[in-house]
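Quantities reported herein were computed from a predicted structural model and do not represent experimental measurements.
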Amino acid sequence: MTDPTRNFSLRNVNTSKPQLARTESQQSAAASDDYYSFSDQDLSSTESLATVMRFRTPDSHAPSPAMSQIRVVQEDLESQRPPTSSTVRFAGDRPANISPVSDASRSDGTSRRSPNDYPGPAPTPGLDDSPYVRFAIDQITQDRARGIQRNDSVSTTTTGDYPSDRLVWDEGLGYFTRTRTPIRHDTPPARPSYTSPSPQALPQRPMSVDPESFMAVDAPDQSLLYPPLDYLPLVLRPWALALMIFCCLLMTAGIIFCNVWSRGEEGLWNYARQGGSRYFVLQFLPQIAAAPIIIWSFVIQAAVYRIAPFSMMSAERQQGLVMHRLPILSKNFIFPDFSHFRHGEALFGISLFTIWLSNFFAIPLLSCLFQAKYYIIDGQGVWRWASVQSVGWTLVGLYSVLTLGLIMLFVRFVSGWSGLMWDPTSLADLISIIQRSNILHDFEHSETVPSVRESLDPRVLRLGYWKLSSKAEIFYGIGEVDAPVRTPSLHQTGKSRENQPHGLAKVFVDLEHNSAFANDSPDNHLYSPSARYRWTPWFLRKISVFIWLAIVFALFIAFVAVSFINDAIEGGFPPKLPTLPSTSAFSSSNFLYSFLPALIGNVLFLAWQPVDVYFRALQPYAELSSPSGASAEKSLLLSYPSSYPIQVTIQAIINRHFKVAWISLMSLLSLAIPILAGGVFIALWYPSHDDIRISAFLPAFYALIAACGLYAVSFVAIWPGRRRYLPHDISTLADLMSYIYQSPLLSDKILREPRSKTDLVTRLIIAPPSERDLPLYGFGIYVGRDGKEHLGIDRFHRPGRTDMLITTGTMK
């Protein structure tokens, strides 16, 4: 019988716990602090990276095959002995606090992984342990082939001489992966255009081991697990847009009828007196009829802004700047917004411009559409209401252009592919879309920078279904095609940090602030008040609110004073312009005193809309900034920007968000100002003065004063509290992602891949099976997935971790 020890081969090596003897003069950088470093929280103050055990490097000369096999057997026998202090452990035996190499020591071509990105268990029977064998063979064979003795890891890290081709492309051991574009934390220089990096410019991967990468796929047909990505908000569905187009055509037809009938039949209606039903129908009803179209157009453009970035990523029509340059909040009010033109989406741009054009000029023009004109009928003179031809045909062109813009939206979405499972209206929706993305590493340190858009590189992204190159599982989200995974832990179902033992997941707040932000400037430091409370919209800053209050109250007082001093309104005032209507019924004085007051009132109405938009959008952050946290219903699930005008007021009252409720209600009530201002004045003959004077319809004038007073007082309510200040803007997808890119919510089991909006809401409003109470959420300093502190959104309390640090007070 042969000795079993003589029948040895490489496959007999015990790969679960290799034990290698330590030789001071023979060190390898492969398993040193160039690959792993222990976190500062779990090492004693007297230890240093130089004390970490390193692999034993074979002799520089090439040994014989027999000696090589004997050495392998010796190592196999040593692995059966009890562990000593001179051993190095692989994945399963590594301490939980092993973290990637520090930012200071890594190269520009590499990106670190968080402790959560290393797979947890050690090789066990039934699992593939080939990566460990490859790693051991790689260290032995390549060192012998080189015939050189490598430098010490500590000195190599300091000098940057460690050869980049020694990086192993293997996610099984959690080694480094290279990014296609370097991660930047400073402001990039201006770039004329974005071009994808060429294959020659990218780091070359070893042919034997390739990293997993994102591959775009189509969802299986008729699968409940993978619904079609064609969801559209209600207002953008073809039937809803068709209804809006019909309303515009109906308005256009009515104006054409008035113009044609008035010209052919010598007026529309006999003028009776100032006031009465006829006066109301011709001086106020046209503006009132236009109001629903204006309000509904606000809802349509809000939906367009909200889904445009997702739709463009789904259709893969973009220039790499959609995520951090294209706004998701409406900005098309006083001034037109051309941002969609700049990003190659002309249909959206034209549609939004036509909406702005009609919203800005429709009510002022409608207020002066009808004027009183003197006609000779059957030999008798009579005053009749007539349609002003030039104004009428201008309105026909205006509503025709609006109809054309809506038809473009109809065509864009009737056959388009939105890329959405449901309407992304809340923070929870965004978390479910990006939770497995491979671009999150781009946002490192971005939560405290003044402008996220300036700290990111352009990337051409895609929204849809994906699979990894080595797995058959299909998932949904935003990603970069053919790019490495970069965050493998987000793809390991059931192996997130929440499912690990508390002893392994427990981390502590960095009380000495020696985190990833330690080297940042004071203005961008994590604990800096100037960074935390740096931003709010310019029109909601305290000095701006002071100016608004002063201007609005000064104008209101002047308006009231001028109206009642010397009986100016009741007695009328000279027009200073010709009053006699032309053959087309145009009167200079009537046009001026109808169009100009309505235009001023319309500007006031449109100026209030951005205030309403941002108060709706900032309310989740105001709730999350509560010192005791907030429930998901009042924070992560809030969707005020997508709610309808009356609906958002009711929801805000139920949630006790009274500021949002009042400001949203005021955005509707302020529409009364241009409606009343456009019809309150008319030129009349005053026998007592033997002259034509501009007279005011007093009931409407008093209502106008009340509306203006309410508008002025409402500016007191927009005073921004401490909770509505943030480190930077929230108007783009990148701005929102910068607050959650390291949040453990991305790998939270209750948010794991919901398949419908109902599924997502149900998970958040019901306590998880392992917990008694509903989780609370906050916006503050939390411990991220990389074990370091970050500023953003997470659970207020997590077992094994310190509670989130929220620095805001009790003011709202």
Side-chain angles (χ1 to χ4, degrees), residues 273-291 294-295 334 360 362-368 370 545-577 589-609 611-612 645 649 662-684 686 693-719:
R273 59 185 177 86
Q274 186 182 26
S277 59
R278 295 184 180 184
Y279 188 89
F280 173 81
V281 168
L282 296 174
Q283 291 295 93
F284 296 108
L285 189 59
Q287 300 94 294
I288 295 175
I294 292 175
I295 297 300
I334 295 182
F360 197 85
I363 286 183
L365 288 174
L366 285 168
S367 65
C368 54
F370 302 105
V545 175
F546 271 123
I547 295 175
W548 295 136
L549 287 171
I551 293 176
V552 170
F553 274 99
L555 291 176
F556 177 70
I557 293 172
F559 172 56
V560 173
V562 170
S563 300
F564 291 100
I565 291 177
N566 296 327
D567 199 22
I569 294 300
E570 292 185 5
F573 54 91
K576 304 297 183 180
L577 288 172
S589 60
N590 281 327
F591 176 83
L592 177 65
Y593 290 105
S594 294
F595 181 83
L596 189 59
L599 182 63
I600 295 174
N602 201 42
V603 170
L604 295 177
F605 163 68
L606 294 176
W608 190 263
Q609 303 310 311
V611 177
D612 180 34
T649 302
W662 175 253
I663 291 172
S664 180
L665 180 62
M666 197 61 209
S667 68
L668 282 178
L669 297 180
S670 60
L671 185 56
I673 298 177
I675 292 175
L676 293 171
V680 71
F681 296 110
I682 188 173
L684 295 177
Y686 277 69
R693 302 176 72 87
I694 301 298
S695 176
F697 180 46
L698 291 180
F701 185 76
Y702 294 145
L704 176 62
I705 292 176
C708 291
L710 192 63
Y711 183 87
V713 171
S714 297
F715 271 87
V716 178
I718 73 173
W719 185 266

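- For Trp548, there are no side-chain hydrogen bond (donor to acceptor under 3.5 Å, both in side chains) partners, not counting sequence neighbours.
- Distance check, rounded to the nearest 0.5 Å: CD1 of Ile600 to CG of Leu596 gives 4.5 Å.
- Scanning both residues, Ala712 and Phe553, for their nearest heavy atoms gives O-CE1, 3.6 Å.
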side-chain contact (heavy atoms from CB on, under 4.5 Å) between Ser695 and Phe573, worked out
CA-CA 7 Å; Ser695 176; Phe573 54 91; over 6 Å; no
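- Looking at heavy atoms from C-beta onward, Cys368 lies out of side-chain contact with Asn590 at the 4.5 angstrom threshold.
- Residues Leu606 and Phe360 meet the side-chain proximity criterion, which asks for heavy atoms closer than 4.5 Å.
- Atom CG of residue Leu285 and atom OG of residue Ser277 lie 11.5 Å apart, to the nearest 0.5 angstrom.
- Leu668 and Pro645 get closest at one heavy-atom pair: CD1-CB, 3.8 Å.
- Side-chain contact between Phe370 and Val281: absent, with no pair of heavy atoms (C-beta onward) separated by less than 4.5 Å.
- Once rounded to the nearest 0.5 Å, the distance linking OG of Ser367 with CD of Gln283 reads 8.0 Å.
- Inter-residue side-chain proximity for Ile718 and Trp608 is flagged as met; some heavy-atom pair is nearer than 4.5 Å.
- The aromatic rings of Phe591 and Phe595 sit parallel, their planes meeting at an angle under 30°, below the 60° perpendicular limit.
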Pairs under 3.5 angstrom only: tabulate donor-acceptor contacts from the side chains of residues 669-683 to other protein residues two or more places apart or in another chain.
unit_1: Ser670; atom_1: OG; unit_2: Met666; atom_2: O; d: 3.0
unit_1: Ser670; atom_1: OG; unit_2: Ser667; atom_2: O; d: 3.4

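- For an aromatic pair to be called close, the ring centres must be under 6.0 Å apart, and Phe697 with Tyr593 fails this.
- Nearest heavy atom pair, residue Val552 against residue Tyr711, reads CG1-CD2, 4.5 Å.
- Smallest separation of non-hydrogen atoms from Ala717 and Ile663: O-CD1, 4.3 Å.
- In terms of heavy-atom proximity, Ala607 sits nearest to Val611 at O-CG2, 4.1 Å.
- Rounding to the nearest 0.5 Å gives a distance of 10.0 Å between CD of Gln287 and CD1 of Ile294.
- The minimum heavy-atom distance linking Ala696 with Ile569 is given by the pair CB-CG2, 3.5 Å.
- Applying the side-chain contact (heavy atoms from CB on, under 4.5 Å) rule to Val560 yields the partners Phe556, Phe564, Ile705; only residues at least two apart in sequence or on another chain are considered.
- Arg693 has its side chain out of reach of Leu684: every pair of non-hydrogen atoms, C-beta onward, lies at least 4.5 Å apart.
- Side chains of Gln274 and Tyr279 form a contact here, defined as non-hydrogen atoms less than 4.5 Å apart.
- Note: Trp719 CH2 to Leu549 CG = 8.0 Å, rounded to the nearest 0.5 Å.
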